[in-house]
Amino acid sequence: MKSVEYSSLEQAAEIWRASKVAVALTGAGISVASGIPDFRSPKGLWSEFAPMEYATLDAFIQEPNKVWQMFLAVNKLARECQANTAHTSLAELEKADKLKAVITQNIDGLHQLAGSKNVIEMHGCGRILACPECNYTEALPEAGLQIEPVPCPRARTIPGSHRTHRYLKPNVILFGEDLKREVIQDIIHWQNSMDLLIIIGTSADVYPAAALPNAVKALGAKIIEINVEPTRVSRTLSPCFLQGKAEEILPPLQKLVLA
Ligand code: APR
């Protein structure tokens with residue numbers, strides 16, 4: 001394992017200015033300043049809801065009411081939150097054509113709220129309810145998630161159409177579920193065409209996001225990483241590593257890139 005090298009804003013801005021196809025990969029860390037805790041820190045979501053107990057498709061099938069408690073907690077947080085300066089900076093960089101896309105593992109919709117247009121939501125989004133059995137979807141009601149699991153209307157009207165699931169769930173990817181085909185296609189497209197990946201606020205531990213840094217590096221792209229602490233990426237791939245909070249680093253970095 002290599003030792004972590006720390007870079008300056010100026011070094012990162014120079015790399016970013018020279019790039020032609022820059023793409024961001026974001027994780028929970030970018031939304032921490034918006035009031036949404038990340039997953040794996042001591043007060044993160046997984047400390048309250050053990051992932052293998054709550055965040056798997058099997059758990060939802062076996063105990064929908066229990067898993068619904070996690071969905072309610074996430075939905076409440078997301079509804080109370082606003083985009084922060086890190087989201088806004090990425091939206092401004094896209095507007096100035098210095099960022100082509102944001103690939104996010106987050107389901108909070110804050111990139112879109114900040115004005116980003118080309119957002120690939122790897123793990124789906126909480127704005128839609130979907131049936132895991134028949135793919136029926138409907139928009140989440142304005143008032144938010146109902147207090148109890150919502151039965152799939154097709155389970156009632158087409159008898160025998162549902163072998164296992166009966167309830168809709170937020171259209172997010174749980175452990176044990178596959179990513180949507182169009183999402184995989186989009187990621188492969190950007191993987192093959194980007195010359196710079198900016199990794200922001202993710203532990204980069206969960207696949208398939210975890211595979212992207214190695215894949216683009218092997219294809220010759222440069223990597224900038226922004227995180228409050230070193231990660232596997234900073235320890236093994238020698239990125240241009242900026243240590244600190246995304247919401248504090250991205251606004252001045254945006255100014256330098258667009259200067
Ligand atoms: N600025 C930058 N980085 C931050 C900040 C901040 N203000 N706050 C926290 N971080 C960093 C943490 O150091 C950590 O490396 O953000 C990262 C968050 O990591 P995780 O909690 O593991 O979240 P994430 O990488 O998004 O998780 C990926 O795993 O559990 C699944 O589906 C879930 O989408 C999630 C996926």
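Whatever order the structure lists them in is the order used to number ligands and atoms, beginning at 1.
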(request) Can you pull out the closest protein heavy atom to atom 32 (O) of ligand 1? Residue, atom name and distance to 0.1 Å, please. (result) H123 ND1, 3.4 Å

(message) To check your reading of the model: name the closest protein heavy atom to atom 27 (O) of ligand 1, its residue, and the distance in Å.
(response) R40 NH1, 3.1 Å

(request) May I ask you to check if ligand 1 and G201 share an N or O to N or O distance below 3.5 Å? (result) yes

(request) Give a yes or no answer on whether the side chain of N171 reaches the backbone of I128 with a donor-acceptor pair at less than 3.5 Å. (result) no

(request) Output yes when a side-chain donor or acceptor of S19 lies under 3.5 Å from a complementary backbone atom of D195, and no otherwise. (result) no

(request) Please answer whether the main-chain N or O of N84 pairs with a side-chain N or O of T88 as donor and acceptor at a distance below 3.5 Å. (result) yes

(request) Would you check whether Q105 has a nitrogen or oxygen atom less than 3.5 angstrom from a nitrogen or oxygen atom of ligand 1? (result) yes

(message) Using every non-hydrogen atom in the two residues, find where I147 and L72 come nearest and quote the distance to one decimal.
(response) O-CD1, 3.6 Å

(message) Is any side-chain heavy atom of F241 closer than 4.5 Å to one of N227?
(response) yes

(request) Check whether any side-chain N or O of W68 sits under 3.5 Å from a backbone N or O of Q146 as a donor-acceptor pair, and report yes or no. (result) yes

(message) Below 4.0 Å, non-hydrogen atoms only: which portion of V228 touches ligand 1? Side chain, backbone, both or neither.
(response) both

(request) Pull out every atom of ligand 1 sitting under 4.0 Å from any heavy atom of G27, numbered as shown with elements. (result) 26 (O)

(message) Can you name the atoms of ligand 1, numbered from 1 with element, that are less than 4.0 Å from a heavy atom of T202?
(response) 15 (O), 16 (O), 17 (C), 24 (P), 25 (O)

(request) Give yes if a backbone or side-chain nitrogen or oxygen of W46 is under 3.5 Å from a nitrogen or oxygen of ligand 1, and no if not. (result) yes

(message) Is there a side-chain contact between E133 and R154 in this structure, where contact means two heavy atoms from C-beta onward sitting under 4.5 Å apart?
(response) no

(message) Within the 4.0 Å heavy-atom shell around E229, which atoms of ligand 1 are there?
(response) 13 (O)

(message) Under 3.5 Å between any N/O of F175 and any N/O of ligand 1: does that happen in this structure?
(response) no

(request) Would you mind checking which non-hydrogen protein atom is closest to atom 7 (N) of ligand 1, with the distance to 0.1 Å? (result) E247 OE1, 3.1 Å

(request) Going by heavy-atom distance to atom 12 (C) of ligand 1, choose the closest among N227, L45, T26. (result) N227

(request) Just need the protein heavy atom nearest to atom 26 (O) of ligand 1, so name the residue and atom and give the distance. (result) A28 N, 2.8 Å

(message) Checking the N or O distance criterion of under 3.5 Å, is ligand 1 in contact with F39?
(response) yes

(request) May I ask you to decide if L145's main-chain N or O and N75's side chain share a donor-acceptor pair within less than 3.5 Å? (result) yes

(message) Consider side chain to side chain donor-acceptor pair (under 3.5 Å). Of D38, T26, D108, which one does S31 pass it with?
(response) D108

(request) Please confirm whether the backbone N or O of R17 pairs with a side-chain atom of K98, one donor and one acceptor, at under 3.5 Å? (result) yes

(message) For a 4.5 angstrom cut-off between non-hydrogen side-chain atoms, does F39 reach D205?
(response) no

(message) Students should be able to answer this: which protein heavy-atom is nearest to atom 6 (C) of ligand 1, and at what distance?
(response) G29 O, 3.3 Å

(message) Looking at ligand 1, is there an atom of it that comes within less than 4.0 Å of some heavy atom belonging to G244?
(response) yes

(request) Classify the angle between the aromatic ring planes of W46 and F175 as parallel (below 30°), tilted (30 to 60°) or perpendicular (above 60°). (result) tilted

(request) Flag yes if I226 and V233 sit in one hydrophobic cluster, no otherwise; membership is Ile, Leu, Val, Met, Phe, Trp, Tyr, and two members link when side-chain heavy atoms are under 4.5 Å apart. (result) no

(request) Heavy-atom contacts with V206 under 4.0 Å: which atoms of ligand 1 show up? List them by number with element. (result) 29 (O), 36 (C)

(request) Indicate the atoms forming the closest heavy-atom contact of P252 with L9, along with that distance. (result) CB-CD1, 3.9 Å

(message) Below the 3.5 angstrom mark, is there an N/O of S203, backbone or side chain, next to an N/O of ligand 1?
(response) yes

(request) Please determine if I226 has a nitrogen or oxygen closer than 3.5 Å to a nitrogen or oxygen of ligand 1. (result) no

(request) Kindly confirm or rule out an N or O of K245 lying under 3.5 angstrom from an N or O of ligand 1. (result) no

(request) Please identify which atoms of ligand 1 are closer than 4.0 Å to at least one heavy atom of D38. (result) 9 (C), 12 (C), 18 (C), 21 (O)

(request) Distance to 0.1 Å, residue and atom name: give those for the protein heavy atom nearest to atom 8 (N) of ligand 1. (result) V32 CG2, 3.7 Å

(request) Enumerate the atoms of ligand 1 whose separation from the nearest heavy atom of A246 is less than 4.0 angstrom. (result) 1 (N), 2 (C), 6 (C)

